[in-house]
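Worksheet: one structure, shown below.
All chains are named by letter (A, B, ...) in the order of the sequence lines, taking the proteins before the strands, and each is independently numbered beginning at 1.
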Amino acid sequence: MGWRGWRDSRVLVGLVLVVAVVAVAVVGPWFSPHAPDTQFREQLLGNGALGTRGIPAGIGDVTGHPLGGDTLGRDVLARLLHGGRVSLTVAFVGSLVAVTLGLLVGMYTGYVGGAWDRLLMRLVDLMLSLPFLLIAIAVQAVVASSNIWSLCIMLGLLSWMTLARIVRAKTQQVKGLEYVQAARSMGASPVRIVFTHVLPNVLGPVWILGTSLAASMILAESALSYLGLGVAPPTPSWGSMLREGQELLGYAPRLVLLPGLMILLAVFGFNLMGEGLRDAQDPRHG
Amino acid sequence: MGSPRPRVILALFLVAGLGATALGLCDRVSLRSLLPQAPQGPRVWGAGHRDPQYGGTFVFGAGSNVRTLDPHVAYDQLSYTAIRLMFDGLLDYQDAKLVPSIAESLPEVSGDGTELVFRLRRNVRFHNGRLLTAADVDWSMHRMLNPATGSPGFPFFKKLVGVHRFREGTAARIAGIEVLDSHTIAFTLTEADQAFLNAMALTFAYPLPREHYDDRNVDAQTQPLGTGPFVLKPGGWERGVRLTFQRFERYWRPGLPYVDQMVYLENLGREVATLRFRSGELSTTNAFSLADYLWFQSAKAWQPYVAKEAEATIWGLVMNNEIPPFDNVHVRRAVAHAIHREQWNQAKAGQLRLTGQPLPPQIAGHDPQLPHEQTYDLALAKQEMALAGYPGGYPHTIALWIGEGDASRLYGELAQADLARIGLRITLKPVSFAVYLQETAKRGQVPFFFSGWNQDYPDATSFFDVLWHCGSISDTGSNNTSFYCNPELDDLLDGARRTLDPRQREQMYRRASNLVARDAPWAFIWNSTTFEAWQPYVKNYRINPVVAGDYRFVWIDGPVRKGDAKP
Amino acid sequence: MSSVLRFAVRRAGWAMVVVLASVTLVFTLMYGVGDPCVGKLGANARPEQLQACHVQLGMDRPLSVQLLGYLGITPGPDGVRHGLLQGELGESLVHGDPVTEVVWRRLPRTALLGGLALLFQVVLGVAIGVAAAVYRGKPMDTLLMSFTFLMISIPGFLLGIFALHGPAFLLGWFPVGGYGVGAMDHVRHALLPSMVLGALGAATYARLMRGELVDTLSLDHVRTARAKGLSPTRVLWVHGVRNALIPVVTLIGLDLPLLVSGAIVTEEIFAWPGLGKLALESVVAMDAPIVVGLVVVISVAVQLGNVTADLATAWLDPRARQ
């Protein structure tokens, strides 16, 4: 059902973008000319470059550093490549947590119903009324570990609700279908029904929501990093690079524009994919 | 259907992407030519008066909160700035020198240095209109030293005769404070204390009117009443946002102050502060991002209106002398010699004044030819690591605690890279300022952290006695956060504190500097500078090297907005 | 009548549950996981003072007891009940001002910012959506939709930084951050940040509006109306926009928490002294009473907004009214 979506060229473009960004983040670091935290102080900060009027050496100034250095003389290319890993890890793992939780809750409540259904759906309503970023910054400030995995889990725990709702509705719909009813009456176990009939049917919406979730995770991570509550310092992420680069915005705009562009590319790609998939599933919204 | 054609989106997107990439790559050259030009000079100018003008509003800001307006409780720069607008002390600082303020002159000191007599001016008025007398000074000292007030000021006055008995509650009064007549007050010390006069210039010793501060309905933190040139407007403090002060008409210094209103904005971020300053909305600013700092250094039109001033601070890496591996002096020395100070300064665009010893240059006791000055010397550092028994590097990872700001992060990452070269593996642990203060003051808690110390007054005691004296060590509230304890140093310090001859005193502190630099409880790295810019219409402003943000007596030269053109 | 009443009671009850749950969550976070006393004492805090602070705040008691005390169900450490039920939210740990006072002073500012942002996003969103639907399939449609797509994908803070440097500082069209003095000045200062805050919403609504409008215009009764010879403009506005507004209004209610999140970032960038900036400052300073108080106020406001949106939907949608 959802696979029809691949024919929409927006999905294709989005996919190409996402694959490109992911490739940059996964494969890029192997080809990275330098480690992200090596400081090339002699080459990129030396000769009083910052002290007089200069910026950390820019493009073409220094061989071997095609994008120049940042405030600490670290290779910007290497940091972009490694930073992508962090940002995309947050996007994928965070979405994975949210999708898993959403699927479990959605299918359970949709299939079983009853008191747990009502309770969990109430929880969904409740969590949707929480101010996301306020809770997120409070958690980050209190936990203060700035660990990437705790960040993923927190973002995931705050974002599963919409997915659960949609999966639940879909599950209820599938459960009501005649052939599923027939399978039930023939004594198929609930687990079997869920896996053979429900899961394939809910995967479509899950793909759609999963992609836009990934986009919002990237945005959330960069916002947290911008507010100074993201991953711990030595590790680069696009968001934290942007924050660090702001220090030199007037002098070396590339320190802000490059990570900003990467964020934009990734978010754009995921959004485009989600958009295309949705329209393919529900042509009404063309 | 009516869906936007994907190929068009793709094309638009590619164009936008390529454009942004090009902008990003070409850096300032192409970007500058595409964007509208930022103003290269002030947007607002002075009218050109030579004589001081009255009136106007002076607006300034700070990056954080003002904590309190109670002079006896305040212990941070931002609060000082506000408090000094509204209160006066017996003594004050002018260009790092003690000068009389409410006192007519510097006090008469007895030959052994234990008795000080202050004579007060007779025309000093509180904001409620009452004239100040010696009884106010007496009452205020008792208020500040009363443990119930919660003042952190006690250590500065512990040499007062009878102060301990008063604080324990076994004496109703401090025996060492005596009102001689309505405008004369005497202080008696247990022994000569060269820091006591400086202590009398701290806000802790500011006189307050009893009738106001004894009133149960008055909140001392937010309802200040002093003798200073400005009065807090009724309801003029919105916590965390802004304070508004207005001119006190009956101020005792004739003809002062000049401006009608002072506005002090809190929690103003660096970026916004600079942009607002350049747009003419702030009268002065002293918080700059690196880019802004560089810009102001080079912007020609601004040069008459900026200044850089050395601050009496010491910044560096603190090593807990009781926690391995820093219980080993060789490891500490290795750290002190592994820090590539020049490169740190390059990363900070030359804002730092590099050092390798405990006292900043403006404090007597600093030695330009210190034998054990800590300098960058990688070979020596590696040698020290070998002497410590770690020729191949220390086998464990050490956590370096840093503050939460961007600057601390930068320093942390610089230290990390430097120390990796001598085989010390460092992880950074960012913590909030409050946590950092609490934990570093505990024994055996934090092995390694990044720290700075700002003098309370310009004297060596404000550094040595607080930071490296065995007497400042305690289990949970240690001021000596490196837990460095050396009886030889203590003898030297105690002796110097009693010594009256300034030259002899300076020699003693030079010896102390050498001792501390050699034993390296800290890796000393730099003394900070403050960089400030003000609008051309702000007159009579000079950076006060002891107390930041001393804007009391500026005047405003009828601002004229002339766009970007020079007058 | 009784059904309306029942709805109102149920809705109010639910709102209370949401507020209560939010408070419990954040209270546990701030007092159970974190330690607000380290925020209170600030510079030069001595550990003895911290101990005293724990006792003074009643933090030596179990967390559940503290929470009940905060809600005003059981007495506080001083033996008097003063909590949420009594209309008290405690005092800031950093500066001691009553939380209610601080929040009330700042609420109008965030309301102004949020209100302008809402206005901006609804007006602009509907306008773009209608325009795109009218020109659907044409280059205009593509252009508008691509623009909204870009707005959805750009991080809010990046937009804010560029807005501050560009239109405000370089061009001088807007004040460079801050709040100003006097009502008109507040509005003037609020314009740019509210546009930044509303950009995401405007884009979302535009896309939603376009989708709904395209659907509605293809419905049977609309086609009939057109066939009857009603003017296209009239058909568009009376039959199209009005119906298409229903999901938009519902979305406004649901989007309020998003607006709060956006306000945190926007207020920080523009130095706008509202609830969002307060939230960030208080969280960093671990000023627990302010943070928990903010959550109370924000969740109440969000619930009120939701109810208003429900009512507006009912007013717009004749079927829902019956």
Top residue by heavy-atom pair count (under 4.5 Å) with chain C, among A:Ile218, A:Val256, A:Leu227? A:Leu227
So, the part of C:Ser22 with a heavy atom under 4.5 Å from chain A: the answer is both
So which atom in C:Leu213 and which in C:Ala133 form the shortest heavy-atom distance, rounded to 0.1 Å? CD2-CB, 3.6 Å
What part of C:Ile298 lies closer than 4.5 angstrom to a heavy atom of chain A: side chain, backbone, both or neither? side chain
Is it the side chain or the backbone of A:Ala215 that comes within 4.5 Å of chain C heavy atoms, both, or neither? neither
Would you sort out whether A:Arg79 and A:Glu244 count as a salt bridge (charged side-chain N to carboxylate O under 4.0 Å, His left out), showing the intermediate values? CA-CA 12 Å; A:Arg79 285 183 77 70; A:Glu244 288 164 15; 3.6 Å; yes
Between C:Ser261, C:Gly276, C:Ala263, C:Ser282, which has the largest tally of heavy atom pairs under 4.5 Å with chain A? C:Ser261
What part of C:Leu25 lies closer than 4.5 angstrom to a heavy atom of chain A: side chain, backbone, both or neither? side chain
Atom group of A:Tyr226 that falls short of 4.5 Å from chain C, counting heavy atoms: side chain
Out of C:Leu29, C:Ile154, C:Val302, which one racks up the most heavy-atom pairs below 4.5 Å with chain A? C:Leu29
Just verifying a value: how many Å separate A:Leu128 CG and C:Leu258 CG, rounded to the nearest 0.5 Å? 11.0 Å
Less than 4.5 Å to any heavy atom of chain A: does that hold for the side chain of C:Val260, its backbone, both, or neither? side chain
Within a reach of under 6.0 Å around CZ of C:Phe162, are more than 12 heavy atoms found that belong to other residues, nucleotides or ligands? yes
Name the region of C:Leu280, side chain, backbone, both or neither, that has any atom closer than 4.5 Å to a heavy atom of chain A. both
Compute both the distance and the angle, then confirm whether A:Arg122 meets the cation-pi test with C:Trp14: under 6.0 Å from the six-membered ring centre, within 45 degrees of the axis. yes
Output all residues satisfying salt bridge (charged side-chain N to carboxylate O under 4.0 Å, His left out) with C:Glu268, sequence neighbours left out; order by chain, then residue number. none
Do the ring planes of C:Tyr70 and C:Phe27 sit parallel (below 30°), tilted (30 to 60°) or perpendicular (above 60°)? tilted
Going by heavy atoms in the side chains, are A:Asp125 and A:Arg165 under 4.5 Å from each other? yes
Is it the side chain or the backbone of C:Ile161 that comes within 4.5 Å of chain A heavy atoms, both, or neither? side chain
